[in-house]
Amino acid sequence: MPRQHSTGEKPNTVNPGKTSLNRRGVLKSAVAVGAALTGNQSLQADGRLGKLVKIGQRARSGQSALKQRAASDYARSLQAYGGRLANPIRDLFRTSQNPDSVHFSVVVIGSGYGASIAAARISQRLGDQYRMCILERGKEWVPGTFPDTFSAVSANASNVFAGPTKGQRARPLGVFNLMMNDEVNILSGNGLGGGSLINASIALRPNSKVFQQQRWPAALNNAEVLHPYYDRVASALSLSRTPFDQTPKVRIRRQAAEQISRQPDFFDRSNISVMYDYRYLDEEFRNSFGMIQRPCTLCGDCTNGCNVGAKNTLAMNYLPVAKHNGTEIYTQVEVNSIEKCAGYYRVHMTYIEERNGQVSRTPLQVNSELVVVGAGSPASAAILLDSQDEKLQFSPSLGRHWSGNGDAIGFVTGLPGGNNIGGFGAFQGQGKQVGPTVQTSLNFCDDEDFRKHLLIQDSSIPRGAMNLFSALLRDPELDHSMVMLGMGHDESAGRLVKKMGRWQIKWEGLKSSAYRQRVFRHFEKLAKAHGGRYKRLKAFGDNLVTVHPLGGCGMSDEPTEGAVNHLGQVFDYQQGGYLDAGTGELAVHRGLYVSDGSVIPTALGVNPYMTIGAISERIANHIVNNPEHSHLFSDSSFSGS
């Protein structure tokens with residue numbers, strides 16, 4: 001795609017070959033939305049007609065110089081591999097044709113933080129004669145192609161979220177992975193890079209007391225054990241701290257915080273993994289991994305996918321490391337189960353293809369000496385549950401102790417104005433700066449019991465969801481509202497159950513829990529400090545929604561309490577768990593690991609990807625230094641405990 005330098009394009013130019021809406025059509029659709037927003041009052045009053053035109057414009061997308069440049073940058077960065085990280089799927093089919101061969105030395109399932117970090121570190125040490133691959137369920141998303149209208153966002157939701165087919169996986173390649181459950185719904189990323197594609201990129205470390213809870217293995221009770229691994233993740237993701245009062249929502253949230261507490265650690269301008277400026281880029285705009293990126297335009301669209309190329313997704317760092325070191329990457333491949341064979345594992349999967357609205361599925365399988373399961377929570381637990389047989393016996397805790405990390409969302413309405421929380425996407429000349437999705441954190445830590453602490457963050461609304469939320473909040477330009485994203489310490493009492501052929505989360509009593517009531521009280525308190533009203537949206541029901549699913553394959557020192565040990569090795573529960581005569585340790589399935597958020601046994605109370613990353617760095621360090629795998633790896637380049 002040719003690179004364009006012009007900055008004078010119209011932001012809503014439609015794609016060539018498509019019929020564009022005329023001005024009357026735009027106004028007609030805008031008025032329809034406006035009726036819901038204004039309660040059928042006069043559209044001429046207070047300049048509302050102009051606002052409604054903007055609503056109509058946001059329903060349309062199109063190319064822009066920023067999108068084209070981002071796509072071109074990505075292709076140039078990966079020119080040596082044909083402009084993409086992913087390998088042609090025909091190579092995997094060709095590999096699988098001999099079912100009795102050990103095709104790979106290492107297979108990594110998934111490409112989120114846990115999987116990508118494991119793949120990168122293992123690839124750096126794997127001998128040149130050995131093959132390794134990543135298997136990702138979603139597709140490879142190129143910056144500049146992420147959805148930025150409500151219709152496009154809806155079309156990229158993997159599961160149906162309403163109606164008689166609610167919960168069915170109708171669009172398996174959509175970037176928004178939805179899991180509908182009875183008490184708590186889950187939203188996660190689906191594509192090469194996992195959750196990093198659509199997360200808010202906030203980089204926090206939890207209270208050290210989290211690791212001292214009974215469910216955590218003793219080897220991690222001292223949080224300092226993870227410090228070198230946290231530092232490694234922070235370096236790879238090029239963290240930057242939000243500047244003082246950078247955007248209206250930062251300033252307004254700071255002023256509200258000062259009404260509640262003057263403690264210096266109450267209000268935090270948080271670190272995020274976004275290129276705020278040029279400090280991490282060379283003269284060719286390349287980061288330390290050779291990927292071309294651009295500084296953030298403060299457009300507010302992080303959670304729809306960055307169409308500028310400023311966000312430090314895993315496709316900008318760890319995945320290129322794995323690629324540069326010879327790892328084969330295959331997308332649109334969903335792993336169903338794992339079979340234990342003599343000296344290797346057989347990975348059963350399905351290749352998914354979408355053409356003209358039709359989905360086709362083709363089964364295939366490959367064999368590998370080592371398998372690292374990093375499909376995320378709760379997918380990793382589901383894969384293992386579907387794999388259990390006489391040879392693969394797992395802990396009875398598999399699929400239990402699942403947590404939503406205490407996630408909750410609330411809104412402040414009726415504010416004076418000037419908040420500017422509505423994203424404008426990869427279009428230039430769109431007015432005031434919005435900022436990255438989340439920039440600040442409020443730490444409600446008055447209680448001596450850290451499990452009663454609560455974190456509340458700000459948020460923007462991305463362009464693709466702006467019309468929806470402007471209607472729900474009756475705020476056409478989202479200029480009189482603020483978002484409250486809560487996190488805390490739920491009881492990690494969720495469990496996986498199979499219902500109508502699909503794994504789902506069950507958690508009785510969650511919606512009426514004391515924890516949830518505590519969150520509501522804090523939302524009320526913050527809304528009052530803002531000078532507005534707390535609004536709890538129930539447009540889609542009363543379920544909780546989490547974007548930080550954790551657990552299901554929790555770490556533990558006891559196989560009755562956890563599915564893996566502190567090194568991510570999967571417990572062998574044959575005969576109720578036993579000591580391995582060769583090692584003197586609790587028996588594990590040799591060569592089978594889990595490395596992702598599912599190994600975290602409790603809520604963290606903060607955005608979890610830094611901790612997932614640190615634990616995954618530690619697991620990978622063990623794998624490459626484990627004497628059982630010494631024939632695969634070269635000398636160590638990094639050590640830790």
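For the numbers below, each heavy atom of this structure counts, side chains included, while hydrogens, waters and symmetry mates do not.
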Between CD on residue E136 and OG on residue S116, distance to nearest 0.5 Å: 8.0 Å
Pick out which of E328, R131, H103 makes a side-chain hydrogen bond (donor to acceptor under 3.5 Å, both in side chains) with T95. R131
When you compare the side chains of S380 and D596, does any donor N or O come within less than 3.5 Å of an acceptor on the partner? yes
For D407 and T546, does a side-chain donor sit closer than 3.5 Å to a side-chain acceptor? yes
Any side-chain to backbone donor/acceptor pair from S105 onto M132? Under 3.5 Å, distance only. no
Could you measure the distance from the CG atom of D268 to the CZ atom of R241? Nearest 0.5 Å is fine. 5.5 Å
Ignoring hydrogens, what is the shortest heavy-atom contact between S368 and V107? Give both atom names and the distance. OG-N, 3.2 Å
Does the pair D245/R269 count as a salt bridge with the N-to-O cut at 4.0 Å? no
Side chain to side chain, L319 and F289, heavy atoms closer than 4.5 Å: no
CZ-CZ distance between F424 and R463, expressed to the nearest 0.5 angstrom: 11.0 Å
Could you name each residue pair satisfying salt bridge (Lys or Arg N to Asp or Glu O under 4.0 Å) that touches residues 433-442, not counting sequence neighbours? none
OH of Y81 to NE2 of H324: how many Å apart, nearest 0.5 Å? 4.5 Å
Report yes or no: do D475 and S481 form a side-chain donor-acceptor pair below 3.5 Å? yes
Hey, what do you get for CH2 (W141) to CG (L173), rounding to the nearest 0.5 Å? 9.0 Å
Under 4.0 Å between a Lys/Arg side-chain N and an Asp/Glu carboxylate O for K249 and D458? yes
Look up atom CG in N621 and atom OG in S616, then write down how far apart they are to the nearest 0.5 Å. 12.0 Å
Please check if any side-chain donor atom of Q79 sits under 3.5 Å from a side-chain acceptor atom of R76, or the reverse. no
Give the minimum heavy-atom separation between V333 and Y330, together with the two atoms involved. CG2-CB, 4.3 Å
Check step by step if side chain to side chain contact (heavy atoms under 4.5 Å, CB included) holds for S240 and Y280. CA-CA 10 Å; S240 300; Y280 296 113; 3.5 Å; yes
